[in-house]
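What follows is a set of notes on a single structure, which appears directly below.
Numbered from 1 within each chain, the chains take letters A, B, ... in sequence-line order.
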Number of protein chains: 2
Amino acid sequence: MFSTGHHRILSVLSRSGPQSRTDLARILNLSKASVTALVRELIEQNILDERERVFGFGRPAVMLGLRQDAASFIGISLQADPAHIVLTDPHGKVHRQFTMPLVTDVEACLAAMAGAVQDIRDAYPDTIGALAGIGVVIAGIVSGNSQICLASATLGWTDVDIGPRLAEMTGLPVFVENDANALIIGEQLFGNSGELDDFSLVFVSEGIGGAHIINRHLHRGHHGGAGEISHSPIAIDLEALPCRCGNRGCLETVAALPAILGAARRSGLPGDIGQIVELATEGQPEALAILHRAGTALGVSLSQVIQFIDPLRIVVRLDPHLVESVFARALKQAVEAHVLRRESYQTELVLGPLYPNDFATGAASLAAQHFLFGNTSL
Amino acid sequence: MFSTGHHRILSVLSRSGPQSRTDLARILNLSKASVTALVRELIEQNILDERERVFGFGRPAVMLGLRQDAASFIGISLQADPAHIVLTDPHGKVHRQFTMPLVTDVEACLAAMAGAVQDIRDAYPDTIGALAGIGVVIAGIVSGNSQICLASATLGWTDVDIGPRLAEMTGLPVFVENDANALIIGEQLFGNSGELDDFSLVFVSEGIGGAHIINRHLHRGHHGGAGEISHSPIAIDLEALPCRCGNRGCLETVAALPAILGAARRSGLPGDIGQIVELATEGQPEALAILHRAGTALGVSLSQVIQFIDPLRIVVRLDPHLVESVFARALKQAVEAHVLRRESYQTELVLGPLYPNDFATGAASLAAQHFLFGNTSL
DNA sequence: TTATTTAATTTAGCAAATGAAATAATTTAT
DNA sequence: ATAAATTATTTCATTTGCTAAATTAAATAA
């Protein structure tokens, strides 16, 4: 349908906002003749439209923008209970969202997802762009391309081909991805890191997950497990707790949400993260210690990521309460202390809140990425 | 000069050995017509030649191979004193090698390198292929493309443009690269890991260096420092030594060659790695402990690399004496213990010797890679 | 010998991109 | 107001890199 040329143009417009034809030719190293032709076709297909004119010396440049109604995408997160479902446009704006109970039975889950898709289709005849794809997020391992869930502990699935099944049921392209990977694609496509060639993302919730964009592409690793960070051996000296992986002192046993809540409970503190953060802010010593230790542990792990991979930025997404807490300060301190001092340059650390919706939005970004970029690089 | 098509063919032949035209068409997803034309041009340029015929059912296939005299390459290692210089063919075979004292004065160093190149040119009129490029290796940070040495502690250089300077003096393309990066390109092009999409390499000598091939490409990281592993915080619990980076307990203070020799000296053992390994083999407790500790420390760091990046293989290059020692066994054990158990699959760990020559050969591979592959992927 | 099979080449042609010239829409200078 | 300059975009003839289909080449099997 669309050629690489089309996708390359969409890629630039999605990432850097409206550009003129001449800009595009320069950015993409294409001739102006080619850009004219490619843009004409994209306008005919109602993917792009002409925006305001920018006046300079000579003939004004006509800016070209990605239409909000070029297409729409459904994102489904099976990452936790309840499942979240969103409908987005190509810019990542959420137009509709709801939840439904997570069903672990494969057939029932497929039926529920197909039903949700049908509901959305019924409710949205054509006010926004035509539905162009579905993304599904699971916590677990997904095969690189065949869109099969190889293993998921939360769902209890092994080698389940939800991708092809849901595609058949809905008649739409379906993309399945691991939670951290979906989150980083969402950050790349819908977030603020689209211009970066290399960046990493780590999220902290029930577990700790990580993913890397390397050379503009998601780095899956050889068996799809790249970005795994939760079992970094971090607490050798401290009272190392046993981890579900069999070792002791893994990052997850110190810095994941359940670990923080568990430590708080053992210290007689309330079992709610908001309250714990508040106590720490008021100076309560146990709360401070627990959050400080968790932040430091994650910081040390991130310093390793920085040394090994040297990304331009690491995005850390965590509970909104933690974003401005001791946890965050300890994290930054630990990174400062453990990263080899560099004259010119420092990996940027960006902390932001993680909302349950974000996984579903990430899921939608998978479908959007495919629609906009095809298999293109740049 | 050569198109992407040519380079893609050379890439396959270099990596997988001789192939028929039909094989190439299948491997590269090209039409047989294209392969015929591209191969004809490469044969006319004396890059390829026809080899033996392989008989099957129908018409026999003519195998095509990369000519040993297609071109030759000079590799210069300024990684340590003395500097090593090699002359190789496109398969990485070393045809001539020698050393010269390392000079840290920039002008003197350039003059020495240019002189060495001229000597080689004089001594080798045209018995092997025409000289097609020069690679230079330094211990330090090199800018991504402009071939400028940004910083090197051993040489005391900052922002020195040896690449362009040497290119001007010799009239040949020059490629400058960091030591670990050159080593991994050498492994990819001249070694046994050419078919792998993702692998990592770590070497242990005066320091510890690492590099990653991701998606067939060298991953330099945003400021060229990717692969940095020597300052992983590893020895928190043990008697952590101060490191030149300012922290304590870095991997380098435990597992690098000087660290091992230093620990041995403090225990009253001889200051030679061969003797230390021999003592350990005989069961001498201090020697065993020192090597075991060093191997374990490196193993723990590598387990982190495996979790974060999930490469298909990690190549570890170290002193020949260490390859079959307690160090190696401890390293493998530590990796086994710390990597999250995987059902189907395990990152392969390959230990091999590191000879002083290898950096120079790696340097030559940089030039060879450019000659053979251009800027191509696959 | 003849049919079959696989490899390689030829041929005509397409799709994407290009360079150079032409056209369009402005601002600045006169 | 008009002409000159400037920059954006389009047109058009052409090149580049590839392909599909038919053809030729060189072998084996019957």
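A/T4 comes within contact range of no nucleotide atom at all, as no heavy-atom separation falls under 4.0 Å.
Side-chain polar atoms of B/H95 and B/D89 form a donor-acceptor pair below 3.5 angstrom. A donor-acceptor pair shorter than 3.5 Å can be found between the side chains of B/H6 and B/S3.
A salt bridge is absent between A/R313 and A/E195: the closest approach of a Lys/Arg side-chain nitrogen to an acidic carboxylate oxygen does not fall below 4.0 angstrom. Salt-bridge formation is not detected for the pair B/D23/B/R21: no Lys NZ or Arg NE/NH1/NH2 atom is positioned less than 4.0 Å from an Asp or Glu carboxylate oxygen.
Computed from coordinates, the A/R26 CZ to C/dA17 P distance equals 19 Å when rounded to whole Å. A/R21 places its CZ atom 14 Å from the C1' atom of C/dA25, with the value rounded to the nearest Å. Rounding to whole angstrom units, CG of residue B/N29 and P of D/dA20 are separated by 11 Å. Distance, B/L64 CG to C/dA7 P: 13 Å, rounded to whole Å. Here the C1' atom of nucleotide C/dA15 and the CZ atom of A/F2 are 16 Å apart, to the nearest Å. Distance B/R8 CZ to D/dG17 C1': 12 Å, rounded to the nearest Å. We find that CG of B/L48 is positioned 13 Å from P of C/dA8, with the value rounded to whole Å. The nearest whole Å value for the distance from the NE2 atom in A/H7 to the P atom in C/dA17 is 12 Å.
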Protein-to-nucleotide contact annotation, 5' to 3' order, nucleotides 21-30 of chain D [B base; S sugar-phosphate only; - none; under 4.0 Å, heavy atom]: ----BBBSS-

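Counting only heavy atoms from C-beta outward, the side chains of A/H222 and B/D198 never approach each other to under 4.5 Å. Side-chain contact between B/L66 and B/I47 is present, with at least one heavy-atom pair separated by less than 4.5 Å.
Nearest to the side-chain atoms of B/S34 among the listed nucleotides C/dA17, C/dA8, D/dT19 stands D/dT19.
For A/T22 and D/dT9, the shortest distance from a side-chain N or O to OP1 or OP2 is below 4.0 Å.
Annotation: salt bridge (charged side-chain N to carboxylate O under 4.0 Å, His left out) contacts involving residues 31-43 of chain B, sequence neighbours excluded, are absent.
Contact check of residues 35-43 of chain B against DNA chain D (heavy atom, cut-off under 4.0 Å) returns no residues at all.
When each of A/E348, A/H212, A/E187 is paired with A/F199, the side-chain contact (heavy atoms from CB on, under 4.5 Å) condition holds for A/E187 and for no other.
In this structure, B/N181 contributes its side chain and B/I184 its backbone to no donor-acceptor pair below 3.5 Å.
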